[in-house]
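First up is the structure itself, then whatever we jot down about it.
Scope of the values below: all heavy atoms of this structure, side chains included, with no hydrogens, waters or symmetry mates. Per chain, numbering begins at 1; letters A, B, ... match sequence-line order.
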Amino acid sequence: MSSKTVREMIEENKSSKTNFRGVTEKVMPKFLLLCAIISVLTTFGIVFTLIFETFNFFSKVSFLEFITSPDWYPMHSNASFGIRPLILGTLTIAAIAILVALPLGLAAAIFLSEYASDRMRRIVKPVLEVLAGVPTIVYGFFALTFVTPLLQNIIPGLSIYNALSPGIVVGVMIIPMIASLSEDAMSAVPNAIREGAYAMGATKFEVAIKVVFPAALSGIIASIVLAISRAIGETMIVTVAGGANPTSAIDITNAIQTMTAYIVQISLGDAGYGTTAYYSIYAVGMTLFVFTLIMNLAAYFISRKFREVY
Amino acid sequence: MQMINNEKVKKRILRRLASNKFFKWLFIAATGLALLTLAVLLIRIVTQGASSLDWNFMTSFASRRAEDAGIKSAFVGTIWLMVVTAPIAFTLGVGTAIYLEEYAKKGKFTSLIQMNIANLAGVPSIVFGLLGLTIFVRELGLGRSVLAGGLTMSLLILPIIVVASQEAIRAVPGHLREGSFAMGATKWQTIIRIVIPSALPGILTGNILALSRAVGETAPLIMIGALTYIAFLPENLMSQFTVMPIQIFNWTGRPQEAFQAVAAAGIIVLMIMLIIMNSIAVYIRNKFTKRY
């Protein structure tokens with residue numbers, strides 16, 4: 001029986017498998033790095049696609065017209081490409097949405113973080129988050145076939161396609177975003193601070209509003225900014241229930257068109273490949289991308305910079 | 001000497017207690033309203049669509065007549081899309097997460113990737129549609145195919161998968177890795193035999209949830225040009241296709257009243273599918289996640 005030292009056995013073991021194992025050890029990190037780089041490439045892909053095609057668009061339509069013209073008539077014989085109506089439509093929807101989502105979302109966040117028992121929170125929070133998981137086309141259907149007729153009973157002059165109904169439904173969609181993220185921020189406020197306030201004789205409401213809320217403010221603001229960004233980028237609800245009427249006259253009882261809804265309208269086949277209207281979706285997409293990027297970066301830095309550290 | 005005015009204090013306390021109670025109920029009411037909306041949404045769709053939902057609906061193609069319309073091609077299209085999207089998104093997403101958690105050194109490049117992923121998660125889905133239309137459909141010449149749709153969807157859900165997988169990998173305690181290293185395992189052996197198996201429930205949960213997001217997405221696939229009227233099943237990766245949300249969108253847009261019930265029936269099928277996927281994800285998380 002041959003006897004070997006441990007060292008020899010290790011050496012032997014190493015040399016027999018060195019090739020395969022060594023290669024795996026070297027190749028896998030590179031492969032994984034490649035995966036990580038693809039996510040960066042996606043961003044570059046988005047940015048370059050948008051810039052390149054937007055450039056094509058601006059070779060046909062002047063930038064000045066794009067930002068100053070009050071009309072958006074892409075399919076007219078006498079076409080006019082002024083982004084303003086689309087931006088106004090988008091902001092109208094976002095404003096209505098935030099008017100709905102802000103009070104409801106914050107109230108739900110305060111309830112979950114300060115009032116609800118652990119058991120209650122464990123049940124209510126996931127159910128509330130289901131609202132964020134419902135596909136947007138379902139919300140669109142709901143807005144068109146339920147919310148709009150309901151509102152028409154209250155507001156007689158409301159047209160079938162209007163800004164109000166999709167605005168409200170987008171608001172419902174972003175409630176869980178505000179509620180859930182704000183609740184996280186408020187739950188992170190240490191209990192010692194609450195107890196200090198209670199010891200001074202504060203009521204539960206006073207503790208929630210005057211102590212916990214300010215302490216969690218950066219997280220709450222970040223959640224609101226993210227929710228607005230989500231409302232701006234929302235597509236199907238406004239496409240289905242908002243109509244296709246780009247207008248600078250803000251009237252929430254009438255049809256409007258958002259940037260996202262315009263992109264869908266064109267890609268559904270109203271404009272052929274290579275036409276000015278076709279390239280215009282990239283210019284609109286670029287505008288949309290810049291809007292949401294600024295808001296997302298803002299949320300990112302607000303939650304980092306102004307975080308209270310305990 | 002100033003005495004404490006008992007009357008005044010009592011009054012003030014009563015007022016504070018009253019507002020305390022009032023706001024408590026206001027907060028409860030607001031939360032209740034949000035939950036009520038969800039309930040109304042679900043009940044409304046079930047009552048609208050239940051009458052159109054039968055076996056014929058599942059086995060028929062789209063039709064111009066509401067009573068003949070079915071969701072077969074869209075349902076099969078959605079399955080195709082999932083089959084294409086899942087492996088690509090899983091490989092890229094989990095790969096990125098492993099790289100970031102196990103290999104990447106802290107520095108500018110790593111935080112660039114990290115911030116980039118956070119930002120990608122906030123990009124509107126329709127912008128991913130523009131990317132897919134330009135790169136996959138036109139530049140790479142894939143056409144309006146399942147493959148182009150799947151690739152676009154993979155990129156869309158990539159950030160969700162990366163973040164979820166990172167959290168799962170981060171939750172694996174360091175001493176497991178050190179134990180593995182102490183036994184002479186190499187880095188990759190440790191990752192593939194120790195870290196990934198421990199993190200797998202979390203990773204799978206994240207992947208299934210991300211996939212369910214892809215199943216419910218409409219806008220990017222409209223951009224890609226997934227058709228709204230299609231009376232055949234996809235045969236291979238290059239086939240044209242449609243998916244359930246697009247079929248529902250198409251039905252919702254029809255002026256005839258009868259198509260609303262058909263759309264609602266389609267929504268029920270879609271929602272049941274999402275509920276099943278989410279339940280599986282929650283089950284895996286609760287059943288298999290190990291706590292250390």
Side-chain angles (χ1 to χ4, degrees), chain A residues 21 24-25 28-29 31-33 35-36 38-40 42-43 45-46 49-50 53 103-104 107-108 110-111 115 124 127-128 130-131 133-138 140-142 144-146 172 175 203-206 226 229 233 235-236 240 260 263-264 267-268 281-282 285 288-289 292-293 296 300, chain B residues 16-17 19-20 23-24 26-28 30-31 33-35 37-38 41 44-45 91-92 95-96 98-100 103 113 115-120 122-127 130-131 133-135 155 158-159 162 186-188 216 218-219 222-223 225 245 248-249 252 260 263-264 267 270-271 274 278:
Chain A
R21 203 187 272 169
T24 319
E25 287 298 322
M28 281 325 285
F31 171 72
L32 297 173
L33 176 64
C35 292
I38 283 180
S39 81
V40 180
T42 307
T43 307
I46 289 174
T49 311
L50 289 177
E53 302 285 1
L104 288 177
I110 295 175
F111 170 71
Y115 288 86
V124 172
V127 176
L128 208 58
V130 170
L131 276 175
V134 173
T136 53
I137 181 66
V138 178
F141 178 80
F142 184 66
L144 184 67
T145 64
F146 181 74
V172 171
I175 286 175
T203 65
K204 197 153 204 166
F205 173 63
E206 287 161 346
L226 279 181
S229 151
T235 309
M236 293 321 291
V240 169
T260 50
I263 299 176
V264 169
S267 60
L268 277 175
I281 62 176
Y282 290 96
L288 176 68
F289 179 72
T292 52
L293 183 70
N296 292 337
Y300 191 80
Chain B
R16 285 170 57 207
L17 287 177
S19 79
N20 186 38
F23 277 102
K24 178 184 174 183
L26 195 70
F27 293 147
I28 292 177
T31 313
L33 187 62
L35 296 177
T37 316
L38 178 64
L41 176 97
R44 169 87 188 167
I45 280 161
T91 313
L92 288 180
T96 305
I98 297 174
Y99 175 77
L100 287 174
Y103 285 103
I113 296 180
M115 199 168 113
N116 170 58
I117 287 165
N119 268 313
L120 268 186
V123 172
S125 60
I126 190 139
V127 173
L130 280 171
L131 174 77
L133 173 68
T134 318
I135 303 289
L155 295 184
L158 186 60
V162 173
T186 62
K187 181 141 194 165
W188 177 246
T218 322
I222 291 181
M223 303 295 309
I248 294 163
F249 171 61
T252 306
Q260 290 194 359
I267 290 175
L270 176 65
M271 295 286 274
L274 292 179
N278 280 275

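Proximity to chain B involves both the backbone and the side chain of Ile263(A), based on heavy atoms less than 4.5 angstrom apart. For chain A, the nearby part of Leu120(B) is the side chain; its heavy atoms alone come within less than 4.5 Å. Within the 4.5 angstrom heavy-atom criterion, only side-chain atoms of Ala118(B), from C-beta onward, approach chain A. With a threshold of 4.5 angstrom between heavy atoms, Leu50(A) approaches chain B through side-chain atoms but not through N, CA, C or O. The parts of Thr260(A) that come within reach of chain B are both its backbone and its side chain, each placing non-hydrogen atoms under 4.5 angstrom from that chain. Of the atoms belonging to Val264(A), heavy atoms from both backbone and side chain fall under 4.5 Å from chain B. Looking at Leu41(B), both its backbone and its side chain come within 4.5 Å of chain A, counting heavy atoms on both sides. For a residue to count as touching a neighbouring chain, one of its non-hydrogen atoms must lie under 4.5 Å from one of that chain's; by this rule Leu38(B) touches chain A with backbone and side chain alike. If you measure heavy-atom distances from Ile117(B) to chain A, the contacts under 4.5 Å come from the side chain alone. Of the atoms belonging to Ile46(A), heavy atoms from both backbone and side chain fall under 4.5 Å from chain B. Both the backbone and the side chain of Thr145(A) come within less than 4.5 Å of a heavy atom of chain B. For chain B, the nearby parts of Ser39(A) are the backbone and the side chain; heavy atoms of each come within less than 4.5 Å. Residue Ile222(B) touches chain A through both its backbone and its side chain, counting heavy-atom pairs closer than 4.5 Å. For chain A, the nearby parts of Leu130(B) are the backbone and the side chain; heavy atoms of each come within less than 4.5 Å. Both the backbone and the side chain of Leu128(A) have a heavy atom closer than 4.5 Å to some heavy atom of chain B. Proximity to chain A (any heavy atom under 4.5 Å) is shown, for Met115(B), by both the backbone and the side chain.
Residues Val138(A) and Met236(A) fail the side-chain proximity criterion, which asks for heavy atoms closer than 4.5 Å. Looking only at side-chain heavy atoms (C-beta outward), Asn296(A) and Leu226(A) come within less than 4.5 Å of each other. Using a 4.5 Å heavy-atom threshold, the side chains of Pro135(A) and Leu270(B) count as touching.
With chain B as partner, the option from Ser229(A), Gly140(A), Ala36(A) having the largest number of non-hydrogen pairs under 4.5 angstrom is Ala36(A). Counting heavy-atom pairs closer than 4.5 Å to chain B, the top-ranked of the candidates Val127(A), Val134(A), Leu33(A), Thr49(A) is Leu33(A). Counting heavy-atom pairs under 4.5 Å between each of Leu100(B), Leu133(B), Leu17(B) and chain A puts Leu133(B) at the top. The residue among Asn119(B), Thr37(B), Ile98(B), Leu158(B) with the most heavy atom pairs within less than 4.5 Å of chain A is Asn119(B). The greatest number of non-hydrogen atom pairs below 4.5 Å with chain B, out of Leu293(A), Ile38(A), Leu144(A), is found for Ile38(A). Most heavy-atom pairs under 4.5 Å with chain A: of the set Ile248(B), Leu155(B), Ile45(B), Ile135(B), this distinction falls to Leu155(B).
Rounded to the nearest 0.5 Å, atoms CG (Leu33(B)) and CD1 (Ile28(B)) are 13.5 Å apart. Note that CZ of Phe289(A) and OG1 of Thr43(A) are 7.0 Å apart. Values are rounded to the nearest 0.5 Å. One finds the CD1 atom of Ile267(B) at 4.5 Å from the CZ atom of Phe141(A) (value rounded to the nearest 0.5 Å).
In this structure, Lys24(B) forms no cation-pi arrangement with Tyr115(A), as its terminal cationic atom is not both closer than 6.0 Å to the ring centre and no more than 45° off the ring axis.
Under the 30°/60° scheme for interplanar angles, the aromatic rings of Phe23(B) and Phe205(A) are found to lie parallel.
The main-chain N or O of Gly233(A) is found under 3.5 Å from a side-chain atom of Thr235(A) such that the two form a donor-acceptor pair. No donor-acceptor pair under 3.5 Å is formed between the side chain of Asn20(B) and the backbone N or O of Thr203(A).
In plain terms, the two heavy atoms of Pro29(A) and Tyr99(B) that are nearest each other are O-CD1, 4.1 Å.
Evaluation of the salt bridge (charged side-chain N to carboxylate O under 4.0 Å, His left out) rule for Glu206(A) yields Arg16(B) as partners, not counting sequence neighbours. Arg44(B) pairs by the salt bridge (charged side-chain N to carboxylate O under 4.0 Å, His left out) definition with nothing, not counting sequence neighbours.
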